[in-house]
Every structure is written in C-alpha cells, then in structure tokens.
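Remarks on the structure that follows.
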Amino acid sequence: MNVAVLSGGVGGARFLRGLLDVAAPEEVTIVGNVGDDLEVWGLHVSPDLDSILYALTGRADEERGWGRAGETWKALASVAELGGETWFRLGDRDLGLHLARTEALRRGEPLSAVTARIARSLGLQAALLPATDDRLRTWLDTPAGPFPFQEWFVARVHADEVDAVRYEGADTAAAAPGVVAALEAADVIMLAPSNPYVSVGPILAVPDIRAALESRSAPCVAVSPLVGGRAVKGPADRMLARLAGGTTPAHVAACYAGLIDALVLDEADAGGVDELDVRPIVTQTLMTDADARRRLAEAALDAAAALR
C-alpha cells in the first residue's frame, strides 16, 4: 500500500516514526516542508527535513526535542566568542549535514537530489522529498512587523501574535520531482499532526501539490495537532484561535477545506465532532511513547481504509 504524507518537523516526525513501524518503509513517501529553510553562517539549513531525517534514523535528541543526539557546541561557542550571531543554534554534528548540503547546492544540485542522497547515507528507507526545489519562505505578519519564520519562531520565541501568514515564492514554485507522482500513486494520503499554517501550509501553497490533492482519487486523512484544543508544543493553538477563530476540530479541518476526507482527533476534542463536515476519527493522539505513536498511525491508516 503506497502512503504519501505531508509533514512538518518535530511533531510530524514523531507521527512518521509510528507510521514506519506499521507500514512498509519502502512504500512511504514523505513530502517535507521547506518554508522554514534559512541560511545560517552561509549554510543552507532545512530544519524540518533534518528533524525528519534525524528522527527516522535514530539520531534525534529525545531529551532536547530537536537536533542530533550526542551533540557538542564548540563551533557555536567559537562564533559567540568572535561576536557572531548565535540565536539559531547549530551543533557540531549538525553542521556536517549543512556543510554537505550547501556544497552540493552550490554545485548546482537541486535540493531534492541532495536530500535523497543524504537520506540514503543516513539509512532512511522511506522516500523523503522536499515540497519544492524552488525558493519558498514562510513570513509572519505581526503587530510588531513582518518576520521570516525562524526569526519569529526562534529569535522572538514566537511571542508575537500572527495577523497573517505568507508563503514567499509559492506562486511560482513547482513541486519537486516525484512529489506529484507520489500523490497520484498513493493509496492513502495523510497530513501529519503539524501546524496547519507554518508546517503543512507552505506545502499546500505549492500550486501543483494543492491541485494534486484537489484531484486525488485516494482518501486523504489529516491528524489534528491539538489535544483538548491546545497544542502539545508550539503556537498552533494560538494561531488557530487568532486566524481561524477557534481551536475546535472544525477549525482545524477548515484549514484543509476541500483537501481531506477525515480528521483524526483526540478524545479530549470529541465534543466538537458534530461541527465537522468530514469524517471524525476519535482516538488518543498524544504520542507519549512508541506504542502510542503506532496506535495513532494505525488509527489513521484504518480511517483511510474505511474511506476507500
């Protein structure tokens, strides 16, 4: 069974770990968000792609929740000593990936080819594709002014309320090679439990990706990132409350209007299922351990199977 998943970083990666425990990895294609990409110290960093890579190859730092396990910070300390910017923290082991990626990009290789080679080197069996090889950047309009995603999220600790989200470059971006084909060949399409605005939104902003979902023949199931109307981590609940008017399952589903057939939601949000215009799948969605991740992935797969 071919499965295509649109995913952001940390939360999406956690769901993907469960999915790869219950689905054949070689039949899974992951389309990752690149709206968060940025340059740090002249290096091209793809935080969401890297979070997925590290999580699915056993390299993620489980305690910190981001970056690589066993990390050291000597380069960062040296940058600080020399008066450089250190608000975006890159560890020494992480730097190796960014160096390899940047060198290949400067040789003219597309991001999708570089990502595929890095994924193979790290032992990832599932296919990992960036949403696009073209430049795509997420911007947040706030009362304090506009900010690129990482400056708002990391440097400003996402403290500013968001009035609007923009995806710079999306109008002219093309899906990376293999993305549309994977969506067309999928028996199941899933939207991971990632922030609808800043993780999944940039992927859906690529015109031919959205068109592929609109014309899909396979069922598409989204997993809500909220539990009891609150984000497990990050600003998804605040953004939904301000931009969509609330944090019920219906508000989450409205972010994907016309693109999904079912929404997997937590038992704590079951009171809002009557407002949904897609099929509700009520289960426990908090991914506290490996068993919980597997159960959630199975619930999403079962929901898709029931729609076929």
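Sequence positions, counted from 1, serve as the residue numbers for this chain.
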* Partner set under side-chain hydrogen bond (donor to acceptor under 3.5 Å, both in side chains) for Arg210, not counting sequence neighbours ->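 Arg210: no side-chain hydrogen bond (donor to acceptor under 3.5 Å, both in side chains) contacts found.
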
Nearest-0.5 Å distance that lies between atom [atom1] in [X] and atom [atom2] in [Y]:
X      : Y      : atom1 : atom2 : answer
Asp269 : Thr248 : CG    : OG1   : 8.5 Å
Asp141 : Glu161 : CG    : CD    : 14.0 Å
Arg279 : Leu307 : CZ    : CG    : 4.5 Å
Asp36  : Asp50  : CG    : CG    : 11.0 Å
Ile30  : Leu16  : CD1   : CG    : 4.5 Å

Do [X] side-chain atoms and [Y] backbone N/O form a donor-acceptor pair below 3.5 Å?
X      : Y      : value
Arg293 : Asp21  : no
Asn33  : Ile203 : no
Asp208 : Ala175 : yes
Gln284 : Glu267 : no
Thr132 : Ala174 : yes
Ser46  : Asp37  : no
Ser51  : Pro47  : yes
Glu168 : Arg137 : no
Arg101 : His98  : no
Trp41  : Glu85  : yes

Considering only heavy atoms from C-beta outward, does the side chain of [X] approach that of [Y] to under 4.5 Å?
X      : Y      : value
Val223 : Met190 : no
Leu240 : Tyr197 : yes
Leu265 : Val282 : yes
Met239 : Val165 : yes
Ser7   : Phe15  : no
Asp134 : Thr172 : no
Asp160 : Leu140 : no
Gln150 : Thr138 : no

* Asked: Does the side chain to side chain donor-acceptor pair (under 3.5 Å) test come out yes or no for Asp133 and Ser112, once each step is laid out?
  -> CA-CA 6 Å; Asp133 284 331; Ser112 54; 2.8 Å; yes

* **Derivation of the side-chain contact (heavy atoms from CB on, under 4.5 Å) call for Arg238 and His158** => CA-CA 10 Å; Arg238 288 171 48 216; His158 51 81; 3.6 Å; yes

* Asked: Heavy-atom count around Glu81 CD within 6.0 Å, excluding the residue itself: above 12?
  ->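 Not buried by this count: 12 neighbours or fewer within 6.0 Å.
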
* Please say whether more than 12 non-hydrogen atoms of neighbouring residues, nucleotides or ligands are located less than 6.0 Å from CG in Asp171. =>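 No, because the 6.0 Å sphere around CG of Asp171 holds 12 heavy atoms or fewer from other groups.
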
* Can you check side-chain contact (heavy atoms from CB on, under 4.5 Å) on Val221 and Ile281, steps first, answer last? -> CA-CA 9 Å; Val221 178; Ile281 309 298; 5.6 Å; no

* **Verdict with supporting geometry, Val45 and Phe88, side-chain contact (heavy atoms from CB on, under 4.5 Å)** => CA-CA 10 Å; Val45 182; Phe88 195 90; 4.2 Å; yes

Is [Y] reachable from [X] through a run of I, L, V, M, F, W or Y residues, each pair having side-chain heavy atoms under 4.5 Å apart?
X      : Y      : value
Val200 : Val162 : yes
Leu296 : Tyr256 : yes
Val154 : Trp139 : no
Val252 : Leu259 : yes
Leu38  : Leu105 : yes

* To do: Taking all heavy atoms of Ala186 and all of Ala4, pick out the closest pair and write down the distance.
  =>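 Shortest heavy-atom separation between Ala186 and Ala4 comes out as CB-CB, 4.0 Å.
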
* Looking only at heavy atoms, which two atoms of Thr283 and Ala299 are closest? And how far apart? ->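 Where Thr283 meets Ala299 most closely, the heavy atoms are CG2-CB, 4.1 Å.
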
Would you mind checking if [Y] and [X] are paired as a salt bridge, meaning a charged N to carboxylate O distance below 4.0 Å?
X      : Y      : answer
Arg117 : Glu109 : yes
Asp61  : Arg93  : no
Asp94  : Arg68  : no

* Would you check if there is a donor-acceptor pair between the side chains of Thr72 and Asp92 at a distance under 3.5 Å? =>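 Yes, Thr72 and Asp92 have a side-chain donor paired with an acceptor closer than 3.5 Å.
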
* What's the verdict on side-chain contact (heavy atoms from CB on, under 4.5 Å) for Leu6 and Leu183, showing C-alpha distance, side-chain angles and the deciding distance? -> CA-CA 10 Å; Leu6 276 56; Leu183 295 172; 4.0 Å; yes

* Within 45° of the ring axis of Trp152 and under 6.0 Å from its six-membered ring centre, is that where the NZ or CZ of Arg156 lies? ->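 No, cation not above the ring by the 6.0 Å, 45° rule.
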
